[in-house]
Number of protein chains: 2
Amino acid sequence: MNLKQLSHMLALSQTTVSRALNGYPEVNEETRRRVIDAAKRHGYRPNPSARRLATGKTGMIGYVLPTGTAVDIDPHFVEFLSGLGDYARSHELDLVLSPADADDQETTYRRIVANRQVDAVYISSPRPADRRVALVSTLGIPFIVHGRSEGLDFDYPFTDIDNEGAFHEAARLLIQLGHRRLALINGDDRETFAIHRERGVRRALAASGLELGEGHVCSLAMTEENGYRAARRLLERSDAPTAIACSSLIMALGVVRAVRDLGLTIPSDLSLIAHDDVFPWLKPENFSVPLSTTRSSIRLAGARVAERLAARISGLEEGARGEVWPVDLVIRGSVAGAPG
Amino acid sequence: MNLKQLSHMLALSQTTVSRALNGYPEVNEETRRRVIDAAKRHGYRPNPSARRLATGKTGMIGYVLPTGTAVDIDPHFVEFLSGLGDYARSHELDLVLSPADADDQETTYRRIVANRQVDAVYISSPRPADRRVALVSTLGIPFIVHGRSEGLDFDYPFTDIDNEGAFHEAARLLIQLGHRRLALINGDDRETFAIHRERGVRRALAASGLELGEGHVCSLAMTEENGYRAARRLLERSDAPTAIACSSLIMALGVVRAVRDLGLTIPSDLSLIAHDDVFPWLKPENFSVPLSTTRSSIRLAGARVAERLAARISGLEEGARGEVWPVDLVIRGSVAGAPG
DNA sequence: AGAGTCTTCCAAAGCGCTTTGGCCTTTCCA
DNA sequence: TGGAAAGGCCAAAGCGCTTTGGAAGACTCT
């Protein structure tokens, strides 16, 4: 059932039927009702391929997925996706993932824009002066950045969490508890979130005349193994930290394992706070010693990004407003006063 | 730069240019070279919207993503996606995720097929007599099932791993080591993979005149917490198992925690084998006691599914061939002879 | 009553590609 | 040397929708 057939059986022109269906004003309400009714009864759905050829609108949002045998998509992505999908569903939006060579995403961005394959895109895990943000901005497609990029000479719309504030609070708490030697087990420090977290920790330390000791900050891909290695390396030092802030729950698993292997105990030998993106399958309260966290649902962020993308597509949102969400600090058993 | 302009500047008809570019035989090789050369020089890329309107081909593969606030996408998905994306990239395929109400995916399948939004789809986590498989089959769109569905009265193409064989081997090993009371901590037993794994364990036990004791099999969503609870419940029984087979590494984390909480030791009090889908961020060899596993890379499966989808789209693959991949049994420190 | 203004609808021109059907040359073979 | 077959190209008709530029009729106003 296409427009031609439908308009024919209604004895109306395609123009009128199309307008009736798309809510244009220049059509009699009575006629509109007839059209809408007939469309529903015959299950008419406009062919999206035809519509997009005519309008350029696709009803899809895009994401360039970095791939490569050496590239791992991290598990945060799936939680983000849950939120995004949840919103997208209720707005009839589909998501298209365009796999790209991790080292050459530009080509793919250009392609999906030139081909008008999607109405908007989002960018995640931005880095300082992120080229993707600059690119997408000049290409003129609506977009939202999940996270932030610093060092760009223009504003852009983003949704981020207050990573610096979160880790500042976490570090401040540890300092208040008497800790003097803190360490940070961070994610890849080429990414802005990691930079912000380190900044937060340093600021808290500086406020008390302290600093992050040489070698007391590690930046690694957020795997359990890296968490273990980093913790082990830190704790075997002569100036071992008495408290660790850790960028991920998965790394925290490794930290806990290292602590145990070394015959130490949390929190009496080591206080630990980790960032929790809220996974359904791994919860900080279920760590052998319940883990204190800085908590922010990455799933909600996904839903919010989808919402803003939808708003931008329909012209409801404009400009370069950035929003920063506060992060909860949740105290559990893994922190205590400094030993000794 | 569109076809019209390109053909005009080549002083050829659109027909010829189109044919030259698409490799049709009825065009002079000399002409073809000229056309291809000019197209490359001017960066001509056929508009996909126009092409799909004309041909119905989209260059995209689809996946219906179940969503809902109560629905969690599991982290396996992201690894599968890595493999899929890796293959798709090298073949200029995009992936479109269509979010759907988890309880009504049918509408979405019908939509994406009716609208010709994708050239093929894949289905994951199938259940016995899975309605999606039946639906997609009657809708007549190329598809591959990742996993298997039993109880359908027709054949269909799938790629699966030998879950039954894997857990049969695992159980057989444990039995050989003298274990008599085995337990299985499984995933959701509405899904085929879980059913197959249970079947494998039972078959191995039966071969030695044993069986899975009443209450010695748990089927739960694969979270750390559920692994803990299940293990705890099992180990506190008077007829506690001396060995556990576990369907996921994440659940195994919980099992290990439970064992520790109860003051028991692996492997002297309990032998443990878990299934490993090969995550980059959590490795069985890094468990406090290195974990024996049945191993199969879900990432490779993703790449294989993409490959078969591409083959089906281009007509290179037909029919309902199912393929079952063997699973590696990897012995590490978490298994030992039965205690006592 | 005539001019102007809405209201409501339509014919037709795109959007940019593929594909059908056909036309003009060459080439081949009896 | 004539007819068939093959090679190489083109004009035009779709694909199914949106949108432009009217046009006809009804209504208002002076």
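Chain A is the first sequence line, chain B the second, and so forth, proteins listed ahead of strands; every chain is numbered from 1.
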Original post:
So does B:E150 pair up with B:R148, basic N to acidic O under 4.0 Å?
Top reply: no
Original post:
When the distance from CG of A:L3 to C1' of D:dG14 is rounded to whole Å, what number comes out?
Top reply: 16 Å
**OP:** Within residues 37-59 of chain B, find the residues that approach DNA chain D with a heavy atom at under 4.0 Å, and present them sorted by residue number.
**Re:** B:L53, B:A54
**OP:** Kindly state which residues belonging to residues 19-31 of chain A come within less than 4.0 angstrom of DNA chain C, counting heavy atoms of the residue only, listed by number.
**Re:** A:R19, A:E26, A:V27, A:N28, A:T31
**OP:** Rounded to 10°, tell me the angle between the two end axes of the helix from C:dA1-D:dT30 to C:dA30-D:dT1, each built from five pairs.
**Re:** 40°
Original post:
Hey, can you pull the residues of residues 9-18 of chain A with a non-hydrogen atom under 4.0 angstrom from DNA chain C?
Top reply: A:A11, A:L12, A:S13, A:T15, A:T16
Subject >> Of residues 108-120 of chain A, the positions that come close to DNA chain D - non-hydrogen atoms, cut-off under 4.0 Å >> reply: none
Subject >> With sequence neighbours excluded, residues passing side chain to side chain contact (heavy atoms under 4.5 Å, CB included) with B:E29 >> reply: B:R32, B:R33
**OP:** May I ask you to check whether A:F143 and A:Y109 place their ring centers less than 6.0 Å from one another?
**Re:** no
Original post:
For A:H146, which of A:Y122, A:F80, A:F158, A:F77 qualifies under ring-ring contact (aromatic ring centres under 6.0 Å, His included)?
Top reply: A:F80
Original post:
Do the non-hydrogen side-chain atoms of B:V136 and B:I141 ever get within less than 4.5 Å of each other?
Top reply: yes
Subject >> Check: B:H91 ring centre within less than 6.0 Å of B:Y87 ring centre >> reply: yes
